[in-house]
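Here is the structure we will look at, set down as structure tokens.
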Amino acid sequence: GPAPTAISAPNLGVNVFVFAPTDLRMEVSGAFNVGCGTCSPAYFNGNVYQLADDVDIIRGKHQLAFGVDFLRIQNNILTGSVQDGDFQFSGAATNDSKADLMLGTMSLFSQSLTQQQGVRHTAFGLYAQDTWHATTRLTVNLGLRWEPLLYPQDVYGRGSDFSLSAFQAGQHSTVHPNAPAGTFFYGDPGIPRGLTNDRLAVFSPRVGLVWNPHGDGRDTIRAGAGILYDSTQESFGQRMSQNPPFGTEIDQTAPNAPFSNPWAAYPGGNPYPNISAFPAGAAYVTLPLHIKPTNMTQWNFSYQRQIASNWKVSATYIGSKTTHLWLTDDLNYSVFIPGASTSANSNQRRVLYLQNPSQGQYYSNLFIADDGANASYHGLLLSVEHRFARDFTLLTNYTWSHCIDDGDFDGNFGRQAKYQNQTNRSADRGDCNYDYRHIFNVSLV
């Protein structure tokens with residue numbers, strides 16, 4: 001939580017209700033921040049139960065391995081990430097964020113109720129592997145892992161899904177009939193507790209080989225490839241439990257949100273703390289009903305050679321292709337209308353409002369997990385090693401690599417889209433933020 005001697009927005013004369021008297025969250029782009037999402041009052045309680053077993057059996061030239069890993073994960077969360085408001089100044093009015101702050105012209109103001117979530121997640125995997133010593137010069141490794149995607153669930157069924165076709169058809173939830181068209185909850189037909197369908201057919205094959213071409217043990221050629229699936233992080237969909245009527249976040253854009261009175265232009269004035277279940281302009285976070293699990297196809301090829309008695313040199317090519325990288329898109333972005341677009345009417349230019357104003361008015365940002373992003377990595381690793389002899393050991397390596405992606409995985413989604421153009425993710429494709437073209441390391445003992 002925040003420091004007990006900190007201040008809140010009302011101490012600065014801001015007409016806003018706050019749940020905590022010492023919590024202030026302000027973001028001034030390119031200048032400074034006050035507070036943060038993880039500085040807000042919060043309680044986290046988690047525990048993991050795990051059962052694992054592995055068996056190895058040697059039969060002739062085969063070393064067989066089998067294993068199982070079972071986890072039951074519980075995360076209980078109570079957090080006030082934006083319960084006392086998030087005040088953002090980006091320079092939208094004056095092209096200078098600090099000037100916007102002095103003028104009290106925010107680019108965005110967000111506030112919500114306390115966010116609660118009780119995550120229950122079952123994860124397990126089975127594998128079988130055979131290391132086959134085919135000859136004295138060739139070893140082959142074959143393996144297969146089965147690890148289904150069982151999506152985390154809120155124990156009380158909090159969160160919601162969105163269907164564009166249902167919105168366009170004017171269909172409403174049977175669980176919460178007063179929810180806006182297109183929003184559905186656990187208990188509605190076809191909506192699972194995890195708010196996306198589990199995937200059982202998730203198999204990860206892999207193959208590797210080591211070959212000693214000359215039979216003297218002084219050089220080896222190694223190659224391998226495999227498909228690896230990522231397991232779901234419990235925190236990825238955490239913000240879904242903030243959807244109305246559970247957490248109910250509302251976003252106000254400038255100039256409708258002056259710093260001194262963020263709710264000045266909101267119909268009926270400040271809606272907190274006695275906010276209605278489904279207010280206008282609320283933010284939503286949703287998952288595709290059939291989200292595809294992230295997977296990485298990885299391959300490598302290397303040559304290692306012993307020189308003299310204590311030196312070894314190697315050259316290795318490493319490549320990978322990540323598919324279905326989970327990022328964030330905004331289904332309800334503001335459409336640019338030439339000659340009629342201002343920050344004041346951004347909510348009236350959103351996709352859903354333009355299609356159906358009576359129902360679209362209830363939505364501001366509608367963030368959805370986008371499973372269509374990709375990434376690639378190619379690297380060359382050169383290494384020189386001197387094993388411990390003559391009083392020293394030395395390891396030197398140099399890596400040239402290039403990483404390209406559509407965006408970097410953030411760990412969770414919601415509150416910010418990853419793409420500049422919500423209809424064209426490829427426009428953001430470029431070097432990864434963690435793309436380090438040249439890496440050189442030396443270790444000497």
Side-chain angles (χ1 to χ4, degrees), residues 37-38 42-52 68-81 112-126 145-163 175 183-188 190-202 204 228-247 249 283-296 322 324-329 366-371 373 409-416 418:
T38 54
Y43 298 91
F44 298 92
N45 168 257
N47 55 69
V48 179
Y49 302 92
Q50 182 176 14
L51 173 66
V68 58
D69 192 7
F70 176 88
L71 298 112
R72 179 63 176 175
I73 303 164
Q74 298 181 2
N75 276 351
N76 303 304
I77 299 171
L78 178 68
T79 174
S81 178
S112 75
L113 297 173
T114 301
Q115 178 181 329
Q116 297 180 339
Q117 190 177 40
V119 175
R120 303 295 182 266
H121 184 199
T122 299
F124 70 92
L126 305 172
R145 183 177 179 87
W146 176 53
E147 191 170 17
L149 174 66
L150 306 177
Y151 202 81
Q153 304 174 353
D154 181 81
V155 69
Y156 295 111
R158 285 171 288 222
S160 62
D161 268 328
F162 177 81
S163 168
V175 176
T183 290
F184 299 96
F185 305 84
Y186 173 65
D188 284 318
I191 305 299
R193 182 182 287 273
L195 303 176
T196 188
N197 291 315
D198 296 333
R199 287 186 173 265
L200 301 181
V202 181
S204 302
L228 314 172
Y229 281 87
D230 195 11
S231 57
T232 304
Q233 296 187 18
E234 287 72 43
S235 62
F236 180 76
Q238 174 182 326
R239 298 188 187 279
M240 289 192 298
S241 63
Q242 201 165 346
N243 291 347
F246 309 107
E249 177 180 325
Y284 286 79
V285 176
T286 186
L287 282 170
L289 202 53
H290 305 285
I291 195 167
K292 300 178 179 66
T294 300
N295 69 82
M296 174 188 289
T322 304
H324 302 305
L325 182 64
W326 289 2
L327 300 179
T328 305
D329 203 356
L366 179 51
F367 295 117
I368 186 171
D370 173 36
D371 61 8
F409 179 70
D410 286 337
N412 59 17
F413 79 112
R415 300 208 74 236
Q416 184 175 356
K418 291 294 291 188

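Rounded to the nearest 0.5 angstrom, Tyr186 OH and Gln153 CD are separated by 7.5 Å. Between the CG atom in Asp198 and the CZ atom in Arg193 there is a gap of 12.0 Å [rounded to 0.5 Å]. Atom OG of Ser241 sits about 7.5 Å away from atom CD1 of Ile77, to the nearest 0.5 Å. Atom-to-atom distance recorded for Lys292:NZ and Arg199:CZ is 6.0 Å, nearest 0.5 angstrom. Distance check, rounded to the nearest 0.5 Å: OG1 of Thr122 to CD of Gln74 gives 9.5 Å. Atom-to-atom distance recorded for Asp161:CG and Ile368:CD1 is 8.5 Å, nearest 0.5 angstrom.
Within the 4.5 Å cutoff, no side-chain heavy atoms of Phe44 are placed close to those of Asn75. Residues Tyr151 and Leu287 form a side-chain contact, since some pair of their non-hydrogen atoms from C-beta on lies under 4.5 Å apart. Under the 4.5 Å side-chain criterion, counting only non-hydrogen atoms from C-beta, Leu289 is in contact with Pro192. Between Gln238 and Gln115 the shortest side-chain heavy-atom distance falls below 4.5 Å. By the 4.5 Å heavy-atom criterion applied to side chains, Arg72 and Arg120 are counted as neighbours. Residues Gln117 and Met240 are not in side-chain contact: their nearest non-hydrogen atoms beyond the backbone lie 4.5 Å or more apart. Between Met296 and Asp230, every side-chain heavy-atom pair lies at or beyond the 4.5 Å cut-off.
Between Pro244 and Ala283 the shortest heavy-atom distance is CD-O, 3.8 Å. Closest heavy-atom contact between Thr232 and Pro152: CG2-CD, 3.6 Å. When all heavy atoms of Ala369 and Pro288 are compared, the pair lying nearest together is O-CG, 3.1 Å. Nearest heavy atoms, Val202 versus Pro293: CG2-CG, 4.4 Å. Contact between Gly159 and Phe185 at its shortest, heavy atoms only, is O-CD2, 3.4 Å. Nearest heavy-atom pair across Asn76 and Gly118 is OD1-CA, 3.9 Å.
For the pair Arg158 (side chain) and Pro245 (backbone), a donor-acceptor distance under 3.5 Å is absent. Although no hydrogens or angles enter the test, the distance criterion places a donor-acceptor pair under 3.5 Å between the side chain of Thr286 and the main chain of Phe162. Formation of a donor-acceptor pair under 3.5 Å by the Asp371 side chain with backbone atoms of Ile291 is not found in this model. Side chain of Asp69 to main chain of Phe124: no donor-acceptor pair is present (N/O by atom type, distance under 3.5 Å, no hydrogens or angles). Between the side chain of Asn295 and the backbone N or O of His324, no donor-acceptor pair lies under 3.5 Å.
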Evaluate side chain to side chain contact (heavy atoms under 4.5 Å, CB included) for Gln233 paired with Phe409, printing each intermediate quantity in order.
CA-CA 12 Å; Gln233 296 187 18; Phe409 179 70; 3.4 Å; yes
How far apart are the C-alpha atoms of Glu249 and Ser81, what are their side-chain angles, what is the distance that settles it, and do they pass the side chain to side chain contact (heavy atoms under 4.5 Å, CB included) test?
CA-CA 10 Å; Glu249 177 180 325; Ser81 178; over 6 Å; no
Can Leu200 and Leu150 be said to form a side chain to side chain contact (heavy atoms under 4.5 Å, CB included), step by step?
CA-CA 8 Å; Leu200 301 181; Leu150 306 177; 4.1 Å; yes
Is there a side chain to side chain contact (heavy atoms under 4.5 Å, CB included) between Val119 and Ile73 once you walk through the steps?
CA-CA 8 Å; Val119 175; Ile73 303 164; over 6 Å; no
Pair Ser160-Asn243, side-chain hydrogen bond (donor to acceptor under 3.5 Å, both in side chains): steps then yes or no
CA-CA 7 Å; Ser160 62; Asn243 291 347; 2.9 Å; yes
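At most 12 non-hydrogen atoms from other residues, nucleotides or ligands lie less than 6.0 angstrom from OH of Tyr49.
Here Tyr229 and Trp146 keep their ring centres 6.0 angstrom or further from each other.
The aromatic rings of Phe413 and Phe236 lie parallel to each other, with less than 30° between the two planes, well short of the 60° mark.
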